[in-house]
Asker: 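I am attaching a structure below and will ask some questions about it afterwards.
Labels below follow one simple rule: chain letters A, B, ... track the order of the sequence lines, proteins then strands, and each chain is numbered from 1. No hydrogens, no waters, no symmetry mates; every other heavy atom, side chains included, goes into these values.
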Amino acid sequence: MIKARIQALSKAELASALVALSGQVDGAVVSRALDEARARVQPSASSKRPFDMAAYGQRRVALRVCYFGERYRGFASTGQGEDDEDDSVESALFAAMRKVRLIEGKAADYSRCGRTDRGVSALSQVVALSLRHRAKLDSAEEIDYCGCGLAHGDALLKADAATHTHTHSAEPRAARGRCRHGVEPVRGRL
Amino acid sequence: MLPEDVVVTAWSPCADDFDARFRCVARTYRYYVRLGAECDVDAMRAACALFEGTHDFRNFCKMDVDNATHFTRRVDACRLVFDADATARAGYCEIRGSAFLWHQVRMMMAILFLIGARREEPALVTRMFDVAAMPRRPAYEMAPEAPLVLFDVEFPPGTLDWQYSPEAARAAALRMHQRWSRLALGEAMARDMAAAVLGGEAAPSLLPASHRPIEQRPVGKSYEEKVQALKPEKRVRHSCVAAATHGAAVANEDDADE
């Protein structure tokens with residue numbers, strides 16, 4: 001009974017319960033219990049625990065994608081499946097998303113704004129699909145989907161992802177204009 | 001994670017029924033050009049103006065009767081843009097429209113280049129829109145793919161709320177800048193090599209040496225002939241449009257924009 005309740009707790013809830021407990025029992029007992037737990041759990045659990053995608057929730061998102069089409073066979077992948085090694089921009093996108101676990105297997109509810117042909121580029125292609133919602137299980141922190149695919153893409157799975165997230169200002173803007181190219185900070189140099 | 005030539009520049013939450021293709025209300029393409037001194041820019045500009053409006057573009061696309069049932073598309077704007085004082089006249093042709101047919105932009109550009117080369121006149125565009133007089137597209141090669149960029153896509157106000165990440169933008173800008181530097185070096189090298197090889201000779205014309213007028217070329221199959229060749233079950237959806245085009249009601253059925 002108590003074991004099941006403990007196992008149902010999130011990391012934050014567990015930490016809070018332990019801190020409260022350490023105020024009531026001998027500190028040395030708690031300290032020893034922590035050491036034993038770490039020794040028991042560390043070698044296997046963290047590396048072998050399967051990633052439970054469902055626990056993170058799904059969210060429908062639109063992405064603005066910029067690409068040089070030179071070395072691609074076009075934007076659209078032929079497969080749409082998990083096995084999409086076909087040198088399309090979409091395949092590269094899906095592969096990166098699987099790597100950082102934004103999707104598993106096939107992209108869900110996927111739509112693209114326009115196809116572009118072999119060798120054609122885009123400054124502003126838009127796709128929509130369902131992606132992992134939460135960055136971590138024990139917080140409501142937003143995922144920065146722009147970060148996907150950059151060198152710090154791993155950060156999606158790390159605690160410091162929050163520092164990369166930026167919600168733009170609430171000031172009204174023209175329907176077209178400011179956000180047109182999706183890369184405001186570098187617009188002048190494109 | 002992503003290859004260096006692909007960047008996710010912004011993201012937005014969206015409704016469960018949001019569809020990136022069918023909700024899009026306008027697409028803008030840029031076709032980058034370098035126009036030699038011999039090019040008739042005024043004629044090209046006149047032709048650009050003729051492309052604007054709602055027209056039947058079947059003679060400016062690779063007709064795909066499996067997917068498209070009509071060829072009327074709206075072009076909101078078509079304009080040639082380059083620095084007035086640039087010697088090489090490098091710039092782009094920007095085309096904004098609701099939706100585009102397969103290879104439409106590259107076919108439009110091919111005709112535009114022939115007009116710039118004084119091989120055809122701007123009025124050819126108007127004659128190619130007249131599908132009663134020209135029901136079958138003359139054979140001509142579309143412009144190359146590399147200079148074409150899907151530059152912007154628009155959705156109804158309030159549909160999307162773009163979120164940016166300064167961190168991601170900085171990383172992307174760095175990679176873009178590296179690419180630009182690399183290509184600019186190649187450009188400078190090619191320019192000096194060309195000048196050295198020419199050694200004072202006038203630059204050769206890049207225009208095609210011979211030209212067969214578009215309207216005297218062999219033609220492909222008409223829309224009606226292509227529909228007739230379809231299997232009966234695929235022909236069904238075309239029956240309603242066999243008599244006339246859809247006029248101004250441009251459905252978003254086909255956006256195989258290239």
Asker: Work out which heavy atom in A/Cys113 is nearest to a heavy atom in B/Arg27; give both atom names and the distance.
Answerer: O-NH2, 2.8 Å
Asker: Whether B/Asp17 and A/Arg60 form a salt bridge (side-chain N of Lys/Arg under 4.0 Å from carboxylate O of Asp/Glu) is what I want to check.
Answerer: no
Asker: Go through the atoms of A/Glu70 and report whether side chain, backbone, both or neither lie under 4.5 Å from a heavy atom of chain B.
Answerer: side chain
Asker: Is any side-chain heavy atom of A/Cys146 closer than 4.5 Å to a side-chain heavy atom of B/Glu167?
Answerer: no
Asker: B/Trp11 and A/Val61: which non-hydrogen atoms are nearest, and at how many Å?
Answerer: CE3-CG1, 3.9 Å
Asker: With a 4.5 Å cut-off on side-chain heavy atoms, are B/Pro13 and A/Arg59 touching?
Answerer: yes
Asker: Check whether more than 12 heavy atoms from other residues, nucleotides or ligands sit under 6.0 Å from atom NZ of B/Lys226, and answer yes or no.
Answerer: yes
Asker: Looking at A/Asp144 and B/Ser165, what are the two nearest heavy atoms and their distance?
Answerer: OD2-OG, 2.8 Å
Asker: Is there side-chain contact between B/Val6 and A/Phe68, with heavy atoms separated by less than 4.5 Å?
Answerer: no
Asker: How close do B/Pro3 and A/Tyr72 get, counting heavy atoms only, and between which atoms?
Answerer: CG-OH, 3.2 Å
Asker: Are A/Arg64 and B/Val8 side-chain neighbours, meaning at least one heavy-atom pair lies under 4.5 Å?
Answerer: no
Asker: Measuring heavy-atom distances to chain B, does A/Val127 have an atom under 4.5 Å in its side chain, in its backbone, in both, or in neither?
Answerer: backbone
